[in-house]
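Working notes, structure below.
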Amino acid sequence: MASIFCNGYEFKNIEAVLFDKDGTFVDSNLYWGKLGENRINAIIDYYKMDKNLFYELCEVIGYDSKTGKLIYNGPLAILSRDEVIETLVSHLKKYVNSDFETVDMIFNKVHEEFLKDVYKYTKLINGSVECFERLKIKGIKLAVVTSDSYANTCETLKSLKVDKYFDYVVGKDSCPEPKKTGKPAELVLNKFGVKPENAIVIGDAPMDALMAKNSFMQGSILVQTGQTSLEELTKYATVVCVNLDNVN
């Protein structure tokens, strides 16, 4: 067991840390932005829609293609993939007769193609590797719990050469319940044989803090490297910091 310090706060007797991925240690604007643009282009092509709707539809799913930034309240990179699709399908009804199954199919095809070039659009946020190393030196087990798929997460970790730091990965398809319920975290804790009070979550969004709370973990650290404002993060987390450099 070890202590973790952040902005003067001490988490004691920690055996495991559960990391969110996108926005926490992977640049979510670059990755999700490009994938989102590709999916919207495919939707426009499939339904033969006006190409001038591109910017509008990107914003609907949570990406400002003009600034190259994710929109703070999502749904892209914040909510689950199914919720992103549901949001888009609801909006598309203004223009075409769409349904969840068709949009889901288009999203899947685009993602398969995207994986061929995924390395071009994934990069680590500065300070991430150093943080992982500090925690591993303390003997703390690390896991990734993400709303991304298990396969894509493993591929991303491998491409960024950080897979060696993580002992377990839980993707959206690893558990039927969303992160905020705490159920995905329970999978990790059971795998590790670690009590909730001896673990924390590090993420960049309210759902990460809710995961810690609803799985009865000791607490959470939210970093301001994602798309959620500092003011909003402070409503949920035990501790909020600028980036992973503050976690020791």
Ser229 and Glu232: CA distance, side-chain angles, deciding distance, side-chain hydrogen bond (donor to acceptor under 3.5 Å, both in side chains) verdict: CA-CA 5 Å; Ser229 67; Glu232 186 68 14; 5.2 Å; no
Residues Tyr31, Asn152; criterion side-chain hydrogen bond (donor to acceptor under 3.5 Å, both in side chains); working and verdict: CA-CA 12 Å; Tyr31 175 87; Asn152 193 52; 2.4 Å; yes
Chi angles and distances behind the side chain to side chain contact (heavy atoms under 4.5 Å, CB included) call for Leu210, Lys179: CA-CA 8 Å; Leu210 290 173; Lys179 288 171 66 173; over 6 Å; no
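Side-chain contact check for Asn108 and Arg39: no donor-acceptor pair (N or O, by modelled atom type) lies under 3.5 Å. With 3.5 Å as the limit, one finds no donor-acceptor pair spanning the side chains of Asn38 and Tyr121.
Within 6.0 Å of CG on Asp50 lie more than 12 heavy atoms contributed by other residues, nucleotides or ligands. Within 6.0 Å of CG in Asn126 there are 12 or fewer heavy atoms belonging to other residues, nucleotides or ligands. Within 6.0 Å of atom CZ in Phe100, more than 12 heavy atoms from other residues, nucleotides or ligands are found, so the atom counts as buried in its surroundings. Under a cut-off of 6.0 angstrom, the local environment of NZ in Lys136 is crowded, with over 12 non-hydrogen atoms contributed by other residues, nucleotides or ligands. Shown here is Glu231, whose CD atom has no more than 12 heavy atoms of other residues, nucleotides or ligands within 6.0 Å. More than 12 heavy-atom neighbours from other residues, nucleotides or ligands sit within 6.0 angstrom of OH on Tyr47. Heavy-atom neighbours of Phe216 CZ from other residues, nucleotides or ligands within 6.0 Å: at or below the threshold of 12.
Salt bridge annotation for Lys34-Asp117: absent, with no cationic side-chain nitrogen under 4.0 angstrom from a carboxylate oxygen. The pair Asp167-Lys191 fails the salt-bridge criterion, with no side-chain N (NZ, NE, NH1 or NH2) lying under 4.0 Å from an Asp/Glu carboxylate O. The pair Glu186-Lys183 meets the salt-bridge criterion, with a side-chain N (NZ, NE, NH1 or NH2) lying under 4.0 Å from an Asp/Glu carboxylate O. A salt bridge does not link Lys172 to Asp148: none of the charged nitrogens lies less than 4.0 Å from a carboxylate oxygen.
In this structure a side-chain-to-backbone donor-acceptor pair under 3.5 Å is missing from Asn198 to Val194. One N or O on the side chain of Gln218 and one on the backbone of Lys12 form a donor-acceptor pair closer than 3.5 Å. At least one donor-acceptor pair closer than 3.5 Å links the side chain of Asn214 to the backbone N or O of Lys180.
The ring pair (Phe, Tyr, Trp, His ring centres under 6.0 Å) search around Phe132 returns Phe19, Phe25, Tyr165, Phe166, not counting sequence neighbours. Listed by chain and number, the residues in a ring pair (Phe, Tyr, Trp, His ring centres under 6.0 Å) with Tyr9 are Phe11 (sequence neighbours excluded). Legend: residues meeting ring pair (Phe, Tyr, Trp, His ring centres under 6.0 Å) with Tyr63, ordered by chain and number and at least two apart, are absent.
In this structure, the side chains of Asp20 and Ile202 stay at 4.5 Å or more apart for every pair of heavy atoms. Between Met207 and Ser147, some side-chain heavy-atom pair lies under the 4.5 Å cut-off. Looking only at side-chain heavy atoms (C-beta outward), Cys6 and Cys241 come within less than 4.5 Å of each other.
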